[in-house]
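In this text, all values refer to a predicted model and were calculated from it rather than measured experimentally. Here is how names work: the chains are called A, B, and so on, in the same order as the sequence lines, proteins then strands, and each is numbered from 1.
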There are 2 protein chains.
Amino acid sequence: MKSIHPLPDPGGLPIASVERETGLSKDTLRVWERRYGFPTPTRDANGERVYAPDQVRRLAQIKRLLDRGHRPGKLLALDDAALAALDQVLGASPASPADAQLECWLERVRNHDTEALQRLFFQELARRGLSAFVQDIFAPLIVRVGEAWSRNEIGIFEEHLFSQHMERLLRTALANMTPTGGTPRVLLTTLSGEEHHLGLLMVEALLVTEGAEPILLGPQTPIEEIVRAAQLKHADVVCLSFSSAFAPTQAAKALRELRTALPSQRQLWAGGAGVKGIRKPLEGVSLVPEFQELFDCLAAWHQQA
Amino acid sequence: MKSIHPLPDPGGLPIASVERETGLSKDTLRVWERRYGFPTPTRDANGERVYAPDQVRRLAQIKRLLDRGHRPGKLLALDDAALAALDQVLGASPASPADAQLECWLERVRNHDTEALQRLFFQELARRGLSAFVQDIFAPLIVRVGEAWSRNEIGIFEEHLFSQHMERLLRTALANMTPTGGTPRVLLTTLSGEEHHLGLLMVEALLVTEGAEPILLGPQTPIEEIVRAAQLKHADVVCLSFSSAFAPTQAAKALRELRTALPSQRQLWAGGAGVKGIRKPLEGVSLVPEFQELFDCLAAWHQQA
DNA sequence: ATTTCATATTTGTCTAGGACAAACTCTTGA
DNA sequence: TCAAGAGTTTGTCCTAGACAAATATGAAAT
């Protein structure tokens, strides 16, 4: 019974922690080491791998690029500079008007200035409305914060404080809306193993503004229970959220399983960065990598009904 | 990238799915098979394990009993009947005056009647006030729901729906209070490995009603980040929450470590069912197994200041 | 009768390569 | 421009041994 968090004495992490932090399985971590010579964990007195924090961050960075479609063979051969360059390519993408604004938010996150964040939140919410706020500010901001963390620009504490504060604000905004009786009824949850739940809140916000009725189930529901919940709550649609940490092949597998277990008249939608890695379309499953497609799905549902 | 013959047979599951559904790691599943002769998966054309749905259900049941404190060696030797019997055992709780009322709430949870729960919530909140509501209704109710789940009286779905709904209601109630500027400033979080976060919300509610200023950091913060957060946010107190699922020895170890890493002028409080198993008092750490003690701690702080 | 310590058992996670099918890339031919 | 085939890359699964942390057991001491 090895302890789960072998208190990082020298600041190195054991393989289980690295799996949790990066979303790369233990098997993958070991096989990369064997094949590509990276990462290069040291060993503790017991012969077990100990990963340096720098390498963990690098693994997280590689994982992000992997999710964007790059291949391991290429990425693992690159050095820090080339990796950072690739990271910037997409990050600095279109110097969009909102870009400077996001940087402004990010600065507040870095300084853990919760009061300023709160002010910005209500200001932008009033200006844009909930739906546009979530799409233009909130979602990109979460991505940026994740990137900033993997680049070591902010710590776990800043990331947690940001998430917690944003969750509170978003829930406050949602509390004032009355979502009863709309259609379609959408069951919202994540699969076991997926911990990120801010995505669910964002989807809930969009659904509410579109007049649908979300049924928020919280994260980590086993497939069998999702099926039962959909039936008992008379859901028209089951919508799952996948973060980029969720392995696309696992996601596809689980979706296929769920699709066969679910009565065919209930639709199945899958959203989040985690579905971008699914290339082949799955029969009877609507993939919703971007929020925009969510509106298409809603429209299609209404037309069908 | 092994795929998993997704559903060739009517319902055998590959090991990865069983891991996801039961929460037992692949390693554990394999070593149980080796040691105890259970489970007994068949093999597909490819030599890979295929688990029968019945066995998966049984594994989930075993996992529940495991979390309740039973040991694998015993459980895996039992047959279906004995296992079911163990599931029922925990039954009779002491009949307290509020007992009938809690039973009434519980009935609503069983029927996933969210509207009735919402009505009850606001009714009781208005009658008792936030602080008494949390202590007399909310906290005991969470315990009951957990028990009901482990007795298999309710499913994961009902438990999730309840948690999610209660979290929303509690946050709504908290949103209307203005917690700025109070003392002491209390940093609220859980350690890595501890997922239950409703306890944090409850503590937040109590602190707010007492005029203190909670700083909610969300769950799963590593120790070094807690130290940094306490410093940067000028927290007077660091308060951690431990659910009963958290091993007491781990908790004690982590608390000792945190205590030495934290400047001595910052107090350290540890609350929740998980600290009840800590026998020895820890120097410089206030153990707060019940909410009542939280008020004592607050009073002591004010006196000292 | 309870606490404390030392010893024995139980139990989950780690290790090592080898193997293989699915996913992906690249070529070839219409 | 697309389709089919051949070749490469890549993640997950396999076996079986090892070991430390967690827990149980028994003996000695308060």
So which nucleotide from dG12(C), dT12(D), dT11(C) ends up closest to the side chain of Arg71(B)?
dT11(C)
I need the CZ-P distance between Arg68(B) and dT23(D), as an integer number of Å.
17 Å
Lys253(A) NZ - dA21(C) P separation (whole Å):
16 Å
Sequence neighbours excluded, the answer for salt bridge (charged side-chain N to carboxylate O under 4.0 Å, His left out) partners of Asp79(B) is none
Asp54(B): which residues meet the salt bridge (charged side-chain N to carboxylate O under 4.0 Å, His left out) condition with it, sequence neighbours left out?
Arg57(B)
Kindly write out the residues that satisfy side chain to side chain contact (heavy atoms under 4.5 Å, CB included) with Pro41(A), not counting sequence neighbours, or none if the list is empty.
Glu33(A), Pro39(A), Arg49(A), Tyr51(A)
Rounded to whole angstrom units, what separation is found between the CZ atom of Phe38(B) and the P atom of dT11(C)?
15 Å
Using whole Å, what does the distance between atom C1' of nucleotide dT12(D) and atom CH2 of Trp32(A) come to?
14 Å
Of all heavy-atom pairs between Ala270(A) and Leu255(A), which one has the smallest distance, and what is that distance?
CB-CD1, 3.7 Å
Whether Gln250(B) contacts dA21(D) is assessed here as follows: a side-chain N or O lying under 4.0 Å from the phosphate OP1 or OP2. Is that the case?
no
So, is Thr28(A) close to the dT10(D) phosphate, meaning a side-chain N or O under 4.0 Å from OP1 or OP2?
no
Side-chain N,O (Ser25(A)) to OP1/OP2 (dT12(D)) below 4.0 Å:
yes
Which atom of Leu29(A) lies closest to which atom of Glu19(A), heavy atoms considered
CD1-N, 4.2 Å
Below 3.5 Å between N/O atoms, which protein atoms pair up with nucleotides 15-17 of chain C? Just atom names and distances, please.
from, atom 1, to, atom 2, distance (Å)
dT15(C), OP1, Arg49(A), N, 2.7
dT15(C), OP1, Arg49(A), NH1, 3.0
dT15(C), OP2, Arg30(A), NH1, 2.7
dT15(C), OP2, Arg49(A), NH1, 3.0
dT15(C), O5', Arg49(A), NH1, 3.0
dA16(C), OP1, Arg43(A), NH2, 3.4
dA16(C), OP2, Arg49(A), NH1, 3.2
dA16(C), OP2, Arg49(A), NH2, 2.6
dG17(C), N7, Arg34(A), NH2, 3.0

Which nucleotide in dC14(C), dC20(C), dA18(D) has an atom nearest any side-chain atom of Arg35(B)
dA18(D)
Determine, for Glu147(A) against Arg151(A), whether the closest basic-nitrogen to carboxylate-oxygen distance falls under 4.0 angstrom.
yes
Suppose we screen for salt bridge (charged side-chain N to carboxylate O under 4.0 Å, His left out). Which residues come up paired with Glu195(A), at least two apart in sequence or across chains?
none
So, does Lys26(B) get its side chain near the phosphate of dT12(D), meaning an N or O under 4.0 Å from OP1 or OP2?
no
With a 4.0 Å limit, can you tell me whether Tyr36(A) has a side-chain N or O closer than that to the phosphate oxygens OP1/OP2 of dT9(D)?
no
Under the side chain to side chain contact (heavy atoms under 4.5 Å, CB included) rule, collect the residues that match up with Glu290(A), sequence neighbours excluded.
Lys276(A), Glu293(A)
What is the separation between atom CG on Leu29(A) and atom P on dT10(D), rounded to the nearest whole Å?
15 Å
Residues that Phe242(A) engages under ring-ring contact (aromatic ring centres under 6.0 Å, His included), provided they are two or more places apart
Phe246(A)
Residues forming a side chain to side chain contact (heavy atoms under 4.5 Å, CB included) with Arg228(A), sequence neighbours excluded
Glu225(A), Leu232(A), Phe157(B), Glu158(B)
Could you give the angle between the helix axes at the two ends of the helix from dA1(C)-dT30(D) to dA30(C)-dT1(D), with five pairs per end, rounded to 10 degrees?
40°
If I take atom CD in residue Glu19(A) and atom P in nucleotide dG11(D), what distance separates them, rounded to the nearest angstrom?
14 Å
His70(B) NE2 to dT10(C) C1': how many Å, rounded?
17 Å
Expressed as a whole number of angstroms, how long is the span from Leu24(A):CG to dG11(D):P?
8 Å
